[in-house]
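The structure appears right after this line, and notes come after that.
We name chains A, B, ... by the order of the sequence lines, and we start the count at 1 in each one. From a predicted model like this one, the values you see are computed outputs, not experimental measurements.
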2 protein chains.
Amino acid sequence: MAISKPTAERLSRLALLLEQQSEENTPITSAEIEVLTGWASHTIRKDISSLTKTSGIATNTGYLPCELAKAIRETLGFAGTEQNCCIVGLGRIGSAFLDYKGFAESPFTIRAGFDSNVNRVEILKADFPLYPTFKMKEIIPRLGISYAILTVPAEQAALAAERLIDCGITGIVNFTPVLLPAPPGVEIEQVSILDALGAIAARRSINTKE
Amino acid sequence: MAISKPTAERLSRLALLLEQQSEENTPITSAEIEVLTGWASHTIRKDISSLTKTSGIATNTGYLPCELAKAIRETLGFAGTEQNCCIVGLGRIGSAFLDYKGFAESPFTIRAGFDSNVNRVEILKADFPLYPTFKMKEIIPRLGISYAILTVPAEQAALAAERLIDCGITGIVNFTPVLLPAPPGVEIEQVSILDALGAIAARRSINTKE
DNA sequence: AGTTGTGAAGGTATTCACAGCG
DNA sequence: CGCTGTGAATACCTTCACAACT
């Protein structure tokens, strides 16, 4: 049975949340998840019920975080396998991710960084190797990278995205303000401060109107 | 007539898009917007039809970008008035916004930056004033700031958010990986790389399954 | 008791198809 | 004619209420 888009997105965030606080594997109820996320407990239960594998997850005092997170990851496509990412553009925003620890418990790992400025590539330090941009075509397939985090200056965004797709990248998180066209088979997620502010303002103007 | 949430969010992004490329005010058709955004042209027309003021926007060759953007901003609450924001936390991510030019054409303006480290406040340069954190309570109401961009380290996020709300902030763009509880009347938008990657992976696992 | 799990009902958003207008 | 604008139909998601389980 197909899983709906809103459900998939909620489950994905839920998995991250569970992975973050997975030190203790004490059961968590749908009511507790409601407090943490703001989603109604029915919604959460319904979402969970659409997982392909549902045995050994629920007890009479709630869901087991580890098993639930694992079940979500399985249903959403990546069973145990790490999802490899790269950072493209090591300016202010890009280099801010070099020492970001949040990836540790997630299924995503940064495997490489790219920048057209060779100086930056040599000076900056990270837990993963940094390369000049022209090596993308060689490195990306070799390391099995399928996701890119795009943090180049706005004027280079379109070209960089095109090249990445050409290298076999199938998912781009776009931190530039440029709206990138998404060819079939490639998913692009815009992450923009202005969009975020706009979304907040939009929601507010609805709530105050009723 | 109330406007739906998805519609409001689409309109908000559309306004940003129009404002970005507003040099020429040549008409743009719903079909062209479809190419740029990926939303069906019906959806766009329906969204636009729900605006409160619809005169002088459409011609027989498309919509006039400037008037359309203006009409959207009016319907969504802020007619002409600038929306004031502040940045809280001037570490790697926060300071990356200091010279971000994208706000220029948007209805949002950054009015202040805050950091608990007094050194940073004194050394960093920006187009707006920087203050030590303890001055928030004084500055935020004085400058009429209602939105905050939260870029402090994860362990300070919860406390910082609480204080901001206490100062009268009603919208927070949360760049930390911490999931913040949103009290009534306050809108919080999580902007996280892991969420973005998760959303992409989730959408992909749906598309490939059918 | 307290939970999860789920068919059925209800509400919302999207899509369609065509009328209306410049 | 090409475009927008919009009621009606469809599809979708969420919510409810209660059964099933521990």
Side-chain angles (χ1 to χ4, degrees), chain A residues 1-14 18 25-69 71-72 75 199 202-203 206-207 209-210, chain B residues 1-14 18 25-69 71-72 75 199 202-203 206-207 209-210:
Chain A
M1 184 193 59
I3 221 164
S4 77
K5 192 176 121 178
T7 291
E9 289 190 3
R10 276 192 304 268
L11 285 174
S12 165
R13 291 178 83 147
L14 177 58
L18 294 169
N25 201 25
T26 57
I28 186 169
T29 66
S30 56
E32 288 169 318
I33 298 175
E34 172 167 354
V35 174
L36 288 170
T37 60
W39 310 322
S41 64
H42 341 107
T43 308
I44 295 156
R45 289 205 302 277
K46 187 114 223 193
D47 287 351
I48 292 174
S49 78
S50 69
L51 295 174
T52 47
K53 177 201 137 196
T54 52
S55 60
I57 290 169
T59 71
N60 62 340
T61 53
Y63 300 98
L64 297 167
C66 281
E67 350 295 293
L68 179 52
I72 294 174
T75 301
R203 284 202 301 254
I206 298 168
N207 295 339
K209 239 165 212 166
E210 52 177 336
Chain B
M1 185 192 58
I3 219 163
S4 77
K5 193 175 120 177
T7 292
E9 290 189 4
R10 276 193 302 269
L11 286 173
S12 165
R13 292 178 82 148
L14 177 58
L18 294 169
N25 202 24
T26 56
I28 185 169
T29 66
S30 57
E32 287 168 318
I33 298 175
E34 171 167 355
V35 174
L36 288 170
T37 61
W39 311 322
S41 64
H42 340 109
T43 307
I44 294 156
R45 289 205 302 275
K46 186 115 223 191
D47 288 350
I48 292 174
S49 78
S50 68
L51 294 174
T52 48
K53 177 201 136 196
T54 52
S55 61
I57 290 168
T59 71
N60 61 340
T61 53
Y63 300 99
L64 297 167
C66 281
E67 350 295 294
L68 179 52
I72 293 174
T75 301
R203 284 201 301 252
I206 299 168
N207 295 339
K209 239 166 213 166
E210 53 176 339

Report summary line: Here the distance between atom P of dT3(C) and atom CG of Leu64(A), to the nearest Å, is 15 Å
**Report entry** Rounded distance in Å - NZ (Lys5(A)) to C1' (dT14(D))
**Finding:** 17 Å
Report task. For the residue pair Arg10(A) and Thr37(A), establish whether any side-chain heavy-atom pair is separated by less than 4.5 Å. Result -> no
Query - Inter-axis angle, terminal five-pair segments of the helix from dA1(C)-dT22(D) to dG22(C)-dC1(D) [nearest 10°] - result: 10°
Query - Spacing of Ile3(B) atom CD1 relative to dT14(C) atom P, expressed in whole Å - result: 12 Å
**Report entry** Spacing between Leu68(A) atom CG and dT3(C) atom P, to the nearest angstrom
**Finding:** 16 Å
Query raised in the report: Can you list the steps and then say if Ile33(A) with Leu36(A) is a side chain to side chain contact (heavy atoms under 4.5 Å, CB included)?
Result: CA-CA 5 Å; Ile33(A) 298 175; Leu36(A) 288 170; 5.5 Å; no
Report summary line: Ranking dT4(D), dT14(C), dG5(C) by distance to the side chain of Ala58(B), first place goes to dT4(D)
Query raised in the report: Atom OG1 in Thr61(B), atom CD1 in Ile28(B): separation rounded to 0.5 Å?
Result: 11.5 Å
Requested in this report: Could you pick out which residue, Ile28(B) or Pro6(A), lies toward the 5' side of DNA chain D when each is mapped onto its nearest nucleotide?
Outcome: Ile28(B)
Query raised in the report: Roughly how far, to the nearest 0.5 Å, is the CG atom of Leu51(B) from the OG1 atom of Thr75(B)?
Result: 4.5 Å
**Report entry** For Ala202(B) against Ser12(A), the heavy-atom pair lying closest together
**Finding:** CB-CB, 4.4 Å
Query raised in the report: Taking everything shown except Lys53(A) itself, do over 12 heavy atoms lie less than 6.0 Å from its NZ?
Result: yes
Report summary line: Between the CD atom in Glu34(A) and the CD1 atom in Ile44(A), the distance rounded to the nearest 0.5 Å is 6.0 Å
**Report entry** Intermediate values then yes/no, side chain to side chain contact (heavy atoms under 4.5 Å, CB included), Tyr63(B) and Arg45(B)
**Finding:** CA-CA 10 Å; Tyr63(B) 300 99; Arg45(B) 289 205 302 275; 3.6 Å; yes
Report summary line: Arg10(B) has its side chain closest, among dT14(D), dT6(C), dT14(C), to dT14(C)
Query raised in the report: Can you list the steps and then say if Asp47(A) with Ile3(A) is a side chain to side chain contact (heavy atoms under 4.5 Å, CB included)?
Result: CA-CA 9 Å; Asp47(A) 287 351; Ile3(A) 221 164; over 6 Å; no
Query - Interatomic distance where CG belongs to Asn60(B) and C1' belongs to dG22(C) [whole Å] - result: 5 Å
Query - DNA chain C contacts among residues 29-48 of chain A, heavy-atom distance under 4.0 Å - result: Thr29(A), Ser30(A), Arg45(A), Lys46(A)
Query raised in the report: Does Tyr63(B) make a side-chain N or O approach to OP1 or OP2 of dG2(D) shorter than 4.0 Å?
Result: no
